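Just so you know, these numbers come straight off a predicted model, no measurement behind them. Here is the naming used below: chain letters follow the sequence lines, and residue numbers restart at 1 for every chain.
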Amino acid sequence: MIDIKKLRENFSNVQASLKKRGYDLNEESFKSIDEKRKTLQVEVETLQSDRKKYSSEFGKLKAADKDTSKLKETIDLINTDLEQKDLSLQELMFSLNNLLLDIPNIPDESVPEGISEEENKVISQHGSVDSTNKLNHLEITKKIDIDLAAKLSGSRFAVLKGDLSKLQRSLITFMLDTAIKNGYEEYYVPFMANEESLIGTGQLPKFEEDLFKASDKLYLIPTAEVPLTNLYRNEFINEKDLPIKLTSHTPCFRSEAGSYGKDTKGLIRQHQFEKIELVQITQPEQSMKCLQDLLANACEILDKLELPYQIIELCTGDLGFSSAKTFDIEVWMPSQNKYREISSCSNFTDFQARRANIKFKNKDGNHYAHTINGSGLAVGRCLIALLENNYNGSDSIKVPSCLIQYFGSDTIKIN
RNA sequence: GGAGAGUUGGCUGAGUGGUCGAAAGCGCCUCCCUGCUAAGGAGGUAACUGGGCAACUGGUUCGAGGGUUCGAAUCCCUCACUCUCCGCCA
């Protein structure tokens with residue numbers, strides 16, 4: 001949620017910033033609602049103040065056993081007026097709040113301008129790509145079984161067998177251990193979250209169709225960002241405890257509404273996938289530095305896995321709803337002859353903190369914290385990348401040295 | 001599923017329908033004291049938000065939402081959550 005004060009004081013600046021990411025903020029609708037709010041709020045609060053005053057006088061009269069009928073008439077009049085005005089005010093506040101919840105975060109000044117992903121900027125490339133292997137992961141191994149998964153659940157699910165399942169488990173443990181080594185505290189969290197949590201991190205109310213709803217009150221988490229960030233919802237953090245660094249491995253559930261026909265083959269886009277998430281909570285002045293830190297933590301995984309990748313910076317038009325600045329990490333997929341997203345690292349500034357009410361305390365008072373998160377990494381896509389990049393062309397996959405201690409062998413027989 | 005207890009500030013925890021935004025303690029901040037530390041003394045310290053250039057001055061909030069009342073942390077109703085005991089269960 002963006003700061004309403006910024007809108008009041010600096011409307012055109014905010015409007016211009018949001019324009020860069022393709023969001024049209026209507027000046028008329030905001031200003032007229034807020035003007036009405038101001039008038040009405042002053043009236044309501046004056047009435048409340050009067051009522052308070054008269055009620056306490058009423059008490060005094062009563063105590064002195066004097067006549068209260070005249071005073072009661074006055075108060076009754078106030079109450080009638082108040083009831084009606086208060087109702088209108090509440091309606092106004094509600095629509096104002098909905099308006100705010102709908103507005104995306106303001107992009108950071110440093111974010112390159114652009115209207116679509118075409119204009120994202122490649123920051124750096126690492127490792128050397130090799131496209132001699134043209135087979136995709138499903139063609140390489142039968143140990144990823146889409147048909148079996150379809151029998152169990154439908155499309156966009158997968159069953160992993162034997163060594164592949166074990167390889168995934170190895171990747172998960174390796175990633176978690178790396179995160180812990182880098183100072184993140186590991187959490188095991190619920191895989192379902194309530195509405196408040198999802199509003200806190202920005203998935204609701206706008207993106208409900210992307211989520212699986214498990215019951216009246218619970219949704220399956222689309223990322224561990226939701227439970228991890230919401231650990232601190234409505235909390236005051238002591239400044240000396242910052243930055244807070246959290247990690248968790250969870251399955252992630254996404255409805256993939258609106259992506260029909262996209263990435264229909266194989267593991268790349270699933271309703272359920274494993275992910276290790278990295279979250280940092282920090283002071284505003286530190287958040288850009290922390291984003292770099294978190295990005296480096298995510299890249300370290302790919303470096304150690306010896307997979308070729310590139311870092312790109314998203315342009316304004318491609319930023320996610322809650323993000324002020326985002327770097328995507330893309331790993332090389334030989335069968336597609338291109339890089340594919342495997343992590344998205346974002347600084348949400350105070351956008352989530354404002355929604356989730358995450359604050360820190362220092363000498364100067366209370367302040368909204370900044371939140372940063374990113375995958376470290378998406379396990380399913382990482383698995384594909386390993387298969388496709390490390391395939392020997394006949395019957396096995398090379399296991400990178402960092403995984404051997406977890407996997408127990410330096411090669412995987414693929415069939 | 002059955003029975004009971006609870007939800008109050010950063011934390012613990014009192015609370016009489018009006019003098020309660022709320023005792024007390026802890027924590028935190030400032031100052032004093034002693035070489036440092038510990039201990040001790042004095043004072044301060046809820047959040048959110050409106051109006052105002054400002055000094056300042058209003059309002060809301062005691063789990064949530066309703067109700068009773070001139071007036072609700074306090075009385076009534078509904079809901080959520082937490083805990084304890086019983087039953088069932090990985």
Side-chain angles (χ1 to χ4, degrees), chain A residues 1-10 30-101 188-200 204 213-219 227 230-242 244 281 283 350-369:
Chain A
M1 185 140 64
I2 67 170
D3 188 354
I4 192 166
K5 282 180 199 147
K6 277 191 190 158
L7 281 185
R8 288 192 185 127
E9 291 160 12
N10 239 329
F30 173 75
K31 290 217 160 152
S32 74
I33 294 179
D34 197 47
E35 275 305 310
K36 280 186 210 151
R37 184 226 97 233
K38 187 164 161 179
T39 325
L40 205 53
Q41 186 165 359
V42 171
E43 286 183 71
V44 164
E45 289 179 2
T46 310
L47 287 170
Q48 282 171 331
S49 168
D50 287 350
R51 181 176 66 181
K52 235 182 184 173
K53 200 170 61 197
Y54 290 132
S55 284
S56 103
E57 271 177 44
F58 187 102
K60 281 176 199 152
L61 285 184
K62 198 93 177 174
D65 216 13
K66 289 184 181 157
D67 178 42
T68 54
S69 57
K70 237 185 166 168
L71 198 51
K72 180 161 163 27
E73 256 177 57
T74 316
I75 299 174
D76 282 347
L77 275 176
I78 291 175
N79 273 337
T80 315
D81 198 14
L82 184 60
E83 195 178 349
Q84 185 213 336
K85 285 190 169 142
D86 193 39
L87 197 70
S88 323
L89 181 62
Q90 275 175 36
E91 281 166 12
L92 270 179
M93 292 299 228
F94 185 74
S95 37
L96 201 55
N97 194 47
N98 282 349
L99 192 93
L100 287 179
L101 281 176
Y188 172 81
V189 293
F191 302 159
M192 295 188 210
N194 58 25
E195 202 183 2
E196 295 79 55
S197 297
L198 287 151
I199 289 174
L204 289 180
K213 198 166 188 175
S215 74
D216 276 0
K217 290 166 193 159
L218 292 172
Y219 295 83
N230 278 284
L231 289 173
Y232 285 88
R233 177 157 46 92
N234 293 330
E235 296 290 334
F236 280 94
I237 304 163
N238 223 316
E239 189 178 34
K240 66 175 195 292
D241 295 328
L242 297 175
I244 285 170
I281 302 175
Q283 299 96 319
D350 62 1
F351 191 83
Q352 291 182 326
R354 207 172 278 284
R355 289 173 159 242
N357 192 27
I358 302 172
K359 293 188 170 168
F360 71 92
K361 246 183 159 81
N362 65 13
K363 265 188 197 165
D364 310 325
N366 303 323
H367 318 269
Y368 284 113

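- N238(A) comes within contact range of no nucleotide atom at all, as no heavy-atom separation falls under 4.0 Å.
- On the C1' atoms, U57(B) is 36 Å away from C76(B), given to the nearest whole Å.
- Judged purely by atom type and a 3.5 angstrom limit, N230(A) uses its side chain to pair as donor or acceptor with the backbone of S197(A).
- Note on K70(A): nothing from the nucleic acid sits closer than 4.0 angstrom, heavy atoms only.
- A stem is defined here as three or more consecutive Watson-Crick or G-U pairs, each with both distances under 3.5 Å; for RNA chain B these stems are B:1-7 with B:80-86, B:10-12 with B:24-26, B:27-32 with B:40-45, B:46-51 with B:56-61, B:63-67 with B:75-79.
- Comparing the C1' positions of G50(B) and A42(B) gives a spacing of 36 Å, expressed to the nearest Å.
- Judged purely by atom type and a 3.5 angstrom limit, R355(A) uses its side chain to pair as donor or acceptor with the backbone of I199(A).
- Using a 4.0 Å cutoff to heavy atoms of chain A, the contacted part of RNA chain B runs 5' to 3' from G10(B) to A80(B).
- K38(A) comes within contact range of the sugar-phosphate backbone alone, with a heavy-atom separation under 4.0 Å but no base atom that close.
- Positionally, the nearest nucleotide of RNA chain B for T46(A) lies more toward the 5' end than for the other of F58(A) and T46(A).
- Taking CD1 of I281(A) as the reference point, atom OH of Y232(A) lies at 6.0 Å (rounded to 0.5 Å).
- Listed by chain and residue number, D34(A), Q41(A) satisfy the side-chain hydrogen bond (donor to acceptor under 3.5 Å, both in side chains) test with R37(A) (two or more places apart in sequence, or in another chain).
- Look at the P atom in both U8(B) and G65(B): the space between them is 16 Å, to the nearest Å.
- Going from the C1' atom of U34(B) to that of C28(B) covers 23 Å, rounded to whole Å.
- Between N357(A) and Q90(A), the one whose closest nucleotide on RNA chain B sits nearer the 5' end is N357(A).
- K52(A) is linked by a side-chain hydrogen bond (donor to acceptor under 3.5 Å, both in side chains) to nothing, counting only residues two or more places apart in sequence or in another chain.
- For S49(A) (side chain) and E45(A) (main-chain N/O), no donor-acceptor pair under 3.5 Å exists by modelled atom type.
- For the C1' atoms, the distance from U84(B) to G44(B) is 40 Å, rounded to whole Å.
- Take L61(A) and apply the side chain to side chain contact (heavy atoms under 4.5 Å, CB included) test, not counting sequence neighbours, and it matches K66(A), T68(A), L71(A).
- Considering only residues two or more places apart in sequence or on other chains, N238(A) meets the side-chain hydrogen bond (donor to acceptor under 3.5 Å, both in side chains) condition with none of them.
- Across the P atoms, U74(B) and U68(B) are found 15 Å apart, a figure rounded to whole Å.
- The closest side-chain heavy-atom distance from Y368(A) to D3(A) is not below 4.5 Å.
- A80(B) and A64(B) have their P atoms separated by 15 Å, with the value rounded to a whole Å.
- Across A23(B) and G9(B), the matching C1' atoms stand 13 Å from one another, rounded to whole Å.
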